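Working notes, beginning with the structure itself.
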Amino acid sequence: MTGTLVLAGTPIGDVQDAPPRLAVELAEADVVAAEDTRRLKRLAQALGVTPRGRVVSYFEGNESARTPELVQELLGGARVLLVTDAGMPSVSDPGYRLVAAAVAEDVRVTAVPGPSAVLTALALSGLPVDRFCFEGFLPRKAGERISRLKEIAEERRTLVFFESPHRIEDTLAAMAEVFGADRRAAVCRELTKTYEEVRRGGLGELAAWAAEGVRGEITVVVEGAPEKGPEEIDAAELVRRVRAREEAGERRKEAIAAVAAEAGLPKREVFDAVVAAKHAG
């Protein structure tokens with residue numbers, strides 16, 4: 001029989017947030033793969049547990065090389081526990097490659113749910129939480145960062161990002177430039193820790209605040225793009241667009257429907273404009 005891969009969430013700050021099952025899994029796993037073995041040791045001591053299994057490192061630098069080794073352990077029947085420095089493995093942390101490799105080998109994969117910076121920041125932000133998307137870390141290079149932001153500028157769901165302290169000022173400034181300085185956002189830092197802080201405001205205001213220096217682990221929550229109303233287009237422009245589509249080979253019915261959808265208008269309104277133009281001509 002094959003073994004089991006266990007993904008365990010770890011505290012994002014306060015060690016008391018550790019799920020009770022984490023201590024059990026640490027004590028019983030055959031192999032514990034940790035992003036930082038020194039942090040794992042401190043966590044285990046805080047939980048009053050000593051891992052009985054083999055402890056190995058599993059981080060970005062050795063993830064590709066270590067994955068086949070761990071898969072072999074799983075195929076041999078081992079129970080492998082995967083933990084990162086904070087939060088859930090594979091969410092902007094090592095783990096995806098191992099999960100994908102285990103699934104490909106029909107190895108059972110389960111999880112010990114735990115603290116999440118994404119959900120904690122989202123809940124504290126004061127922004128809509130019914131629909132959201134997680135974007136992780138933005139590109140480090142300024143040009144690539146702006147391009148990525150432009151790709152999601154019209155996203156209506158609330159957006160959640162991770163960012164480092166030395167890049168947060170530039171990131172907020174770029175967001176203000178692309179999304180608009182008044183777009184609401186929340187910068188959540190040091191969640192569940194002693195100096196937890198949630199700063200809310202417009203992106204422009206937050207960028208100015210970050211210029212003074214920000215420390216700690218940071219999660220940024222940004223309001224989704226506002227819903228657009230119908231585009232203000234006069235009748236002549238509607239007719240021009242329909243004719244351009246007809247000249248490109250579309251049938252009039254399809255052209256009218258497409259132009260109406262683009263402008264956020266009823267098809268009847270575009271149809272009437274086309275008919276009126278025909279009679280006027």
Side-chain angles (χ1 to χ4, degrees), residues 3-13 15 18 22 25-26 29-44 51 53-75 78-105 107 109-121 133-145 147-149 159-168 170-171 174 188-193 214-220:
T4 299
L5 173 61
V6 183
L7 310 178
T10 54
I12 59 176
V15 72
L22 176 57
E25 293 290 348
L26 282 170
D30 299 302
V31 180
V32 178
E35 184 176 9
D36 186 325
T37 56
R38 292 166 299 180
R39 288 196 180 191
L40 172 68
K41 183 177 180 180
R42 291 196 294 269
L43 175 61
R54 185 165 62 96
V55 176
V56 299
S57 63
Y58 189 79
F59 58 97
E60 186 178 358
N62 73 351
E63 192 174 0
S64 295
R66 183 77 79 185
T67 293
E69 173 190 327
L70 293 176
V71 169
Q72 288 305 308
E73 293 276 6
L74 290 164
L75 292 176
R79 189 173 186 85
V80 176
L81 177 67
L82 178 63
V83 295
T84 57
D85 293 344
M88 182 60 68
S90 82
V91 180
S92 286
D93 274 322
Y96 169 75
R97 287 187 178 90
L98 182 55
V99 173
V103 169
E105 295 289 349
V107 171
V109 180
T110 188
V112 177
S116 166
V118 175
L119 297 181
T120 303
C133 54
F134 175 58
E135 288 292 325
F137 286 95
L138 289 168
R140 296 182 180 184
K141 295 182 178 179
E144 295 177 3
R145 183 164 55 237
S147 295
R148 178 72 60 79
L149 290 172
L159 301 158
V160 185
F161 305 84
F162 286 159
E163 194 48 279
S164 63
H166 64 276
R167 289 201 303 267
I168 186 62
D170 291 339
T171 291
C188 308
R189 71 177 196 89
E190 295 294 89
L191 290 173
T192 77
K193 299 177 183 177
V214 181
R215 296 181 179 181
E217 299 288 335
I218 299 170
T219 305
V220 181

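Source: prediction; values computed, not measured. As a basis for the values below, the full set of heavy atoms in this structure was taken, side chains included, without hydrogen atoms, waters or symmetry mates.
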Review point. Of all heavy-atom pairs between Ser64 and Arg97, which one has the smallest distance, and what is that distance?
Key: OG-NE, 3.5 Å
Practice item. Of all the heavy-atom pairs spanning Pro165 and Ile218, show the shortest one and how long it is. Key: CA-CD1, 3.8 Å
Check your understanding: Rounded to the nearest 0.5 Å, how far apart are CD of Glu163 and CG of Asp170?
Key -> 9.0 Å
Check your understanding: If we ignore angles and hydrogens, is there a donor and acceptor under 3.5 Å between the side chains of Thr219 and Arg189?
Key -> no
**Study point:** Contacts of type salt bridge (Lys or Arg N to Asp or Glu O under 4.0 Å), residue Arg145, not counting sequence neighbours
**Key:** none
Point to revise | pair Val220-Thr171: side-chain heavy atoms closer than 4.5 Å | key: no
Review point. Hey, mind stepping through Val107 and Val71 against side-chain contact (heavy atoms from CB on, under 4.5 Å) and telling me if it holds?
Key: CA-CA 9 Å; Val107 171; Val71 169; 5.7 Å; no
Review point. With distance as the sole criterion, is a donor-acceptor pair present between the side chains of Asp36 and Ser57 under 3.5 Å?
Key: no
Exercise for review: Please answer whether the main-chain N or O of Glu217 pairs with a side-chain N or O of Glu190 as donor and acceptor at a distance below 3.5 Å.
Suggested key: yes
**Study point:** Partners passing salt bridge (Lys or Arg N to Asp or Glu O under 4.0 Å) against Asp85 (at least two apart in sequence or in another chain)
**Key:** Arg39
Review point. What heavy-atom pair brings Leu43 and Val15 nearest, and what distance separates the two atoms?
Key: CD1-CG2, 3.7 Å
Review point. Quick one: side-chain contact (heavy atoms from CB on, under 4.5 Å) partners of Ala86, sequence neighbours excluded?
Key: Ile12
Review point. For Pro94, what residues pass the side-chain contact (heavy atoms from CB on, under 4.5 Å) criterion, not counting sequence neighbours?
Key: Glu35, Tyr58, Glu63, Thr84
**Study point:** Residues that Glu73 engages under side-chain contact (heavy atoms from CB on, under 4.5 Å), provided they are two or more places apart
**Key:** Val31, Arg54, Ala78, Val80
Check your understanding: Would you say Asp93's side chain and Ser90's backbone share a donor-acceptor pair under 3.5 angstrom?
Key -> no
Practice item. Side-chain contact test, heavy atoms from C-beta onward, threshold under 4.5 Å: evaluate it for Pro89 versus Tyr96 and give yes or no. Key: no
**Study point:** Qualifying residues under side-chain hydrogen bond (donor to acceptor under 3.5 Å, both in side chains), relative to Thr10, sequence neighbours excluded
**Key:** none
Practice item. Start with the C-alpha gap between Val56 and Leu70, add the side-chain angles, then the distance that decides, and say whether side-chain contact (heavy atoms from CB on, under 4.5 Å) holds. Key: CA-CA 10 Å; Val56 299; Leu70 293 176; 4.2 Å; yes
Check your understanding: Between Leu22 and Gly9, what is the shortest heavy-atom contact and its length?
Key -> CD2-O, 3.9 Å
Review point. In chain order, what residues pass the side-chain hydrogen bond (donor to acceptor under 3.5 Å, both in side chains) check against Glu25, with sequence neighbours excluded?
Key: Arg79
Practice item. Check whether any side-chain heavy atom of Leu81 sits under 4.5 Å from a side-chain heavy atom of Leu26, and report yes or no. Key: yes
**Study point:** Leu82/Val6 under side-chain contact (heavy atoms from CB on, under 4.5 Å): CA gap, chis, key distance, verdict
**Key:** CA-CA 6 Å; Leu82 178 63; Val6 183; over 6 Å; no
Practice item. Identify, with sequence neighbours excluded, every residue that meets salt bridge (Lys or Arg N to Asp or Glu O under 4.0 Å) alongside Lys41. Key: none
Exercise for review: Decide yes or no on side-chain contact (heavy atoms from CB on, under 4.5 Å) for Leu98 and Leu7, but give the supporting numbers first.
Suggested key: CA-CA 10 Å; Leu98 182 55; Leu7 310 178; 6.0 Å; no
Revision key, fill the gap. Sequence neighbours excluded, the answer for salt bridge (Lys or Arg N to Asp or Glu O under 4.0 Å) partners of Asp30 is Arg52
Practice item. List in chain and number order the residues that pass ring-ring contact (aromatic ring centres under 6.0 Å, His included) with Phe137, two or more places apart in sequence or in another chain; answer none if no residue qualifies. Key: Phe162
Point to revise | Check: Leu74 and Glu105 side chains under 4.5 Å, non-hydrogen atoms | key: no
Donor-acceptor pairs are to be reported for all side-chain atoms of residues 110-119 against protein atoms at under 3.5 Å, with residues two or more places apart or in another chain.
unit_1	atom_1	unit_2	atom_2	d
Ser116	OG	Val118	N	3.3
Ser116	OG	Leu119	N	3.2

**Study point:** Residues which pass side-chain contact (heavy atoms from CB on, under 4.5 Å) with Gln72, listed by chain and number, not counting sequence neighbours
**Key:** Leu75
